[in-house]
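Whatever order the structure lists ligands and atoms in, that order sets their numbers, starting from 1.
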Amino acid sequence: MTARIIDGNALSAKLRGELAAKAAELTAQGTQPCLAVILVGGDPASAVYVRNKVAGCEKAGIKSLKFEYPQDAAPADVLGKISELNADPSVHGILVQLPLPKQFDEKAILEAISVEKDVDGFHAENVGRLSQGQEAFVPCTPNGVMEMLKSIDMPLRGAEAVVIGRSNIVGKPMAMLLTAAGATVTVCHSGTRDLNFHTRRADILVAAIGKPKFVTGDMVKPGAVVIDVGINRLPDGKLCGDVDFESAKDVAGAITPVPGGVGPMTITMLLANTVESATRAARKA
Ligand code: GUN
């Protein structure tokens, strides 16, 4: 059996078309959605992500503002910029690209962003709201995964879901969203004793580990949906995920590729959160 491929580019194109229409409508009513992106330091992967986010905005008719700081930037300067953007009514989303250089207290930076403009969904208040099932900005990567599961009509209620990875950006919010949707969720991590025992039971297996080709076909339950959140660069320069696609695709029922899977969906959900924030601002105005 060869798995159905869940095409993140195709799903993104469809959703981004709908978002562009909403952005155009808001702009015509006098509120062009606007995302401000802050990039600190010279991490090459972060620079690529930010470039893709800005390009995604442009294509969807969302205004973007980019602020770059050197590796040795003073946290006070970045905090000052965040305050300025919080107070600017023409800005609807603020994103600080992570990771930050070591002189930064990441938590303090994320908490400085206004909850109403926290389109990454990383502010503690948004995390708390999400955990209680209240309206909140949902972190983009796990939200994109939920859209991918919806696109294949995957029944979530009662499904066994296994998430490998417990980061604040992916693993934890992913577990919350799957739980809210009625799945029985197990979160595995570096301390998990018998990982294969868990992965082989999973109807939905989400890999967010950060290790190239970590999940192999023998770890997958036949027919399972395998979601690969990893983006790793191999020594030859090629991208690969956390899943060994070649072996997993012969066992899984559906699988996301890398590139062209979860990656484009992350940016799509960022655009969606920005348009949502602008819609709320327009409603208030
Ligand atoms: N670094 C890796 N993923 C993300 C993300 O989704 N948002 C931000 N701000 N930084 C990241």
Side-chain angles (χ1 to χ4, degrees), residues 8 12 34-57 62 64-69 71 73 75 78-79 81-82 85-86 91-102 104-115 117-127 130 136-148 163 165-177 206-211 227-233 239 241-242 256 258-259 261-274 276-277:
S12 281
C34 173
L35 173 70
V37 181
I38 296 176
L39 173 63
V40 188
D43 177 50
S46 288
V48 172
Y49 295 144
V50 165
R51 203 184 313 137
N52 289 339
K53 288 171 185 179
V54 167
C57 282
I62 296 169
S64 66
L65 306 170
K66 185 171 151 189
F67 303 95
E68 288 185 78
Y69 292 85
Q71 187 74 22
V78 175
L79 286 166
K81 177 54 73 180
I82 292 172
L85 295 167
N86 281 341
V91 172
H92 307 105
I94 303 170
L95 177 155
V96 178
Q97 187 65 28
L98 304 177
L100 288 164
K102 60 182 184 324
F104 281 81
D105 174 356
E106 198 168 282
K107 191 172 153 287
I109 293 286
L110 296 178
E111 306 290 281
I113 297 170
S114 150
V115 178
K117 299 188 181 187
D118 172 37
V119 285
D120 253 333
F122 293 165
H123 191 293
E125 188 172 328
N126 272 318
V127 177
L130 178 65
F137 282 120
V138 178
C140 303
T141 300
N143 207 13
V145 171
M146 295 305 283
E147 283 293 329
M148 294 179 110
V163 179
R166 55 176 157 179
S167 70
N168 290 336
I169 294 180
V170 183
K172 284 183 208 158
M174 187 79 255
M176 281 199 274
L177 289 169
V206 181
I209 312 134
K211 289 188 182 160
I227 305 284
D228 190 350
V229 175
I231 302 179
N232 309 288
R233 202 166 283 281
L239 288 182
D242 290 350
T256 66
V258 177
V262 174
M265 289 301 294
T266 294
I267 297 180
T268 300
M269 302 325 285
L270 173 67
L271 305 179
N273 281 348
T274 304
E276 172 61 27
S277 182

Q: Check ligand 1 against L95 and write out every atom of the ligand that is under 4.0 Å from a heavy-atom position of the residue.
A: 9 (N)
Q | For F122, the ligand 1 atoms whose distance to one of its heavy atoms is below 4.0 Å | A |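 Within the 4.0 Å cut-off of F122, ligand 1 contributes 5 (C), 6 (O), 7 (N), 8 (C), 9 (N).
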Q. Considering only heavy atoms, which of D120, I169, I38 lies nearest to atom 9 (N) of ligand 1?
A. D120
(Q) Could you check whether any side-chain heavy atom of H123 comes within less than 4.5 Å of a side-chain heavy atom of E111, counting everything from C-beta outward? (A) yes
Q. Side chains of L85 and I38: does their closest heavy-atom pair fall under 4.5 Å?
A. yes
(Q) Would the distance check show the side chain of N273 and the main-chain N or O of V138 forming a donor-acceptor pair, the cut-off being under 3.5 Å? (A) yes
(Q) Below 4.0 Å, non-hydrogen atoms only: which portion of K53 touches ligand 1? Side chain, backbone, both or neither. (A)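 It is the side chain that touches ligand 1; the backbone stays farther off.
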Q | ligand 1 contact on V96 by region, counting heavy-atom pairs under 4.0 Å | A |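 Looking at V96 and ligand 1, just backbone atoms fall under 4.0 Å.
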Q. For atom 11 (C) of ligand 1, what is the nearest protein heavy atom, given as residue, atom name and distance?
A. Q97 NE2, 3.4 Å
Q: Measure the distance from atom 10 (N) of ligand 1 to every protein heavy atom, then report the residue, atom name and distance (to 0.1 Å) of the closest one.
A: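 Result: L98 N, 3.0 Å.
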Q: Return the minimal non-hydrogen interatomic distance between N86 and K117, and the atom names on each side.
A: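 Smallest heavy-atom distance, with atoms named: O-NZ, 3.0 Å.
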Q) Just how far is it from atom CG of D242 to atom CD1 of I209, taken to the nearest 0.5 Å? A)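 It comes to 4.5 Å.
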